[in-house]
Amino acid sequence: MSENRRTALVTGAAQGIGAAVAQRLAADGLAVAVVDLDEGACAGTVDAITAAGGSAIAVGADVSVAAAVDAAVERIAAELGGPTVVVNNAGIIRDNLLFKMTVDDWDAVMAVHLRGSFNTVKAAQKHMVEAKFGRIVNLSSTSALGNRGQANYSAAKAGLQGYTKTLAIELGKFGVTANAIAPGFIQTDMTAATAERIGVPFDDFIKFSAEQIPVQRVGQPDDIAHTASFLVSEGAGFVSGQVIYVAGGPKD
């Protein structure tokens with residue numbers, strides 16, 4: 001690894017948006033720690049990166065557990081270098097209408113999205129401060145504006161937006177930026193699970209959703225990866241505390 005190569009930590013990177021972001025950042029020249037709950041599940045993303053000439057390692061960690069994240073960051077620092085780029089993408093859904101939603105459903109979503117993002121940035125920020133450079137990208141969602149059957153998910157994603165703005169205020173003087181990406185409909189296993197929950201064939205769900213989007217298509221993981229690539233770049237040093245909706249058109 002080059003001494004000048006920056007290291008990125010991407011959570012939830014075994015598949016979907018996280019995998020696309022990890023591969024894009026590796027193509028941009030960063031060493032990438034591919035982090036997910038199951039280290040073995042990260043192999044596909046790591047293999048794709050290394051096959052393209054990039055540098056990556058797989059790291060298993062439950063982001064909702066502070067000790068696990070601390071250990072992961074220590075390992076990443078030892079093997080790739082201190083992470084100065086963090087992309088908090090790990091997330092789960094436990095969708096249900098409010099009167100059917102359990103406390104466990106609520107707590108599980110909050111733990112992964114909010115506590116997980118807190119744990120990861122808290123563990124990595126010392127490397128950013130020491131380097132006088134840092135990029136934090138938190139994955140929010142258009143569901144932060146409210147979405148039927150997603151009281152827990154919507155609350156978590158809205159919380160990430162406030163968290164992002166606070167990180168920008170606290171860490172800006174150290175050369176660290178913090179921004180959030182709020183995707184609309186992205187074609188992933190998670191949106192497939194939503195289609196299954198509401199009893200709609202996924203192809204029909206995609207077709208209907210595309211008709212509501214100004215660009216007349218649903219998003220792909222690479223659409224989010226391109227946005228993340230800009231936000232972690234040197235050229236984005238004056239962009240901080242922003243929530244960028246990547247949804248194919250205007251949002252209310």
Side-chain angles (χ1 to χ4, degrees), residues 1-37 39 41-61 63 69-91 116-139 160 164 167-168 171 174-181 221-237 239-240 244:
M1 182 186 72
S2 167
E3 290 184 1
N4 296 321
R5 176 179 285 184
R6 301 194 191 281
T7 297
L9 185 169
V10 184
T11 69
Q15 61 183 352
I17 290 172
V21 170
Q23 291 176 57
R24 175 56 193 261
L25 297 187
D28 290 342
L30 284 77
V32 180
V34 178
V35 180
D36 214 298
L37 187 61
E39 183 170 322
C42 299
T45 305
V46 171
D47 289 347
I49 290 172
T50 55
S55 176
I57 61 171
V59 180
V63 296
V69 175
D70 290 344
V73 169
E74 287 182 9
R75 178 185 164 197
I76 293 162
E79 296 188 26
L80 294 178
T84 55
V85 172
V86 170
V87 180
N88 284 308
N89 170 73
S117 296
F118 166 75
N119 287 339
T120 306
V121 173
K122 187 175 182 182
Q125 61 88 28
K126 64 182 179 182
H127 297 288
M128 301 179 189
V129 172
E130 288 172 1
K132 298 182 180 179
F133 174 93
R135 297 287 186 266
I136 300 164
V137 178
N138 297 319
L139 267 292
L160 279 172
T164 298
L167 290 176
L171 297 175
F174 301 109
V176 180
T177 65
N179 294 284
I181 300 173
D222 280 346
D223 291 312
I224 308 306
H226 294 316
T227 307
S229 173
F230 166 69
L231 291 174
V232 307
S233 69
E234 294 276 357
V239 180
S240 195
I244 299 173

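As a basis for the values below, the full set of heavy atoms in this structure was taken, side chains included, without hydrogen atoms, waters or symmetry mates.
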Handout entry: Donor-acceptor under 3.5 Å (R24 side chain, A228 main chain)
Key = no

Problem - Other residues, nucleotides, ligands: >12 heavy atoms within 6.0 Å of F133 CZ - result: yes

For [X] against [Y], the heavy-atom pair lying closest together:
X	Y	result
R5	L30	CD-C, 3.9 Å
A178	S240	N-OG, 3.1 Å
E234	R135	O-NH2, 3.6 Å
A236	F230	CB-O, 3.1 Å
G82	T7	O-CB, 3.8 Å
A225	A20	CB-O, 3.5 Å

Fill in the blank from the handout: Given the options V137, V10, I49, L25 meets side chain to side chain contact (heavy atoms under 4.5 Å, CB included) only with V10

Fill in the blank from the handout: Partner of I136 under side chain to side chain contact (heavy atoms under 4.5 Å, CB included), picked from V176, T120, T164, is V176

Problem - Exercise: do R6 and T84 side chains pair donor with acceptor under 3.5 Å - result: no

Point-to-point distance, once rounded to the nearest 0.5 Å, from [atom1] of [X] to [atom2] of [Y]:
X	Y	atom1	atom2	answer
N88	F118	CG	CZ	12.0 Å
H226	S229	NE2	OG	8.5 Å
L160	S117	CG	OG	4.5 Å
N179	L231	CG	CG	5.0 Å
D70	N119	CG	CG	7.5 Å

Handout entry: Salt bridge E130-K126, side-chain N to carboxylate O under 4.0 Å
Key = no

Is there side-chain contact between [X] and [Y], with at least one heavy-atom pair below 4.5 Å?
X	Y	value
V34	D36	no
V59	C42	no
H127	V73	yes

Practice task
Test S233 against D28 for side chain to side chain contact (heavy atoms under 4.5 Å, CB included), laying out the working first.
Solution key: CA-CA 9 Å; S233 69; D28 290 342; over 6 Å; no

Problem - Candidate pair L139 and V21, rule side chain to side chain contact (heavy atoms under 4.5 Å, CB included), full reasoning - result: CA-CA 11 Å; L139 267 292; V21 170; 5.7 Å; no

Handout entry: Steps toward side chain to side chain donor-acceptor pair (under 3.5 Å) verdict (N89, T11)
Key = CA-CA 5 Å; N89 170 73; T11 69; 5.6 Å; no

Exercise for the section: Kindly determine whether I57 and V46 satisfy side chain to side chain contact (heavy atoms under 4.5 Å, CB included), including the steps that lead there. Expected result: CA-CA 6 Å; I57 61 171; V46 171; 5.9 Å; no

Handout entry: Residues V239, T177; criterion side chain to side chain contact (heavy atoms under 4.5 Å, CB included); working and verdict
Key = CA-CA 7 Å; V239 180; T177 65; over 6 Å; no

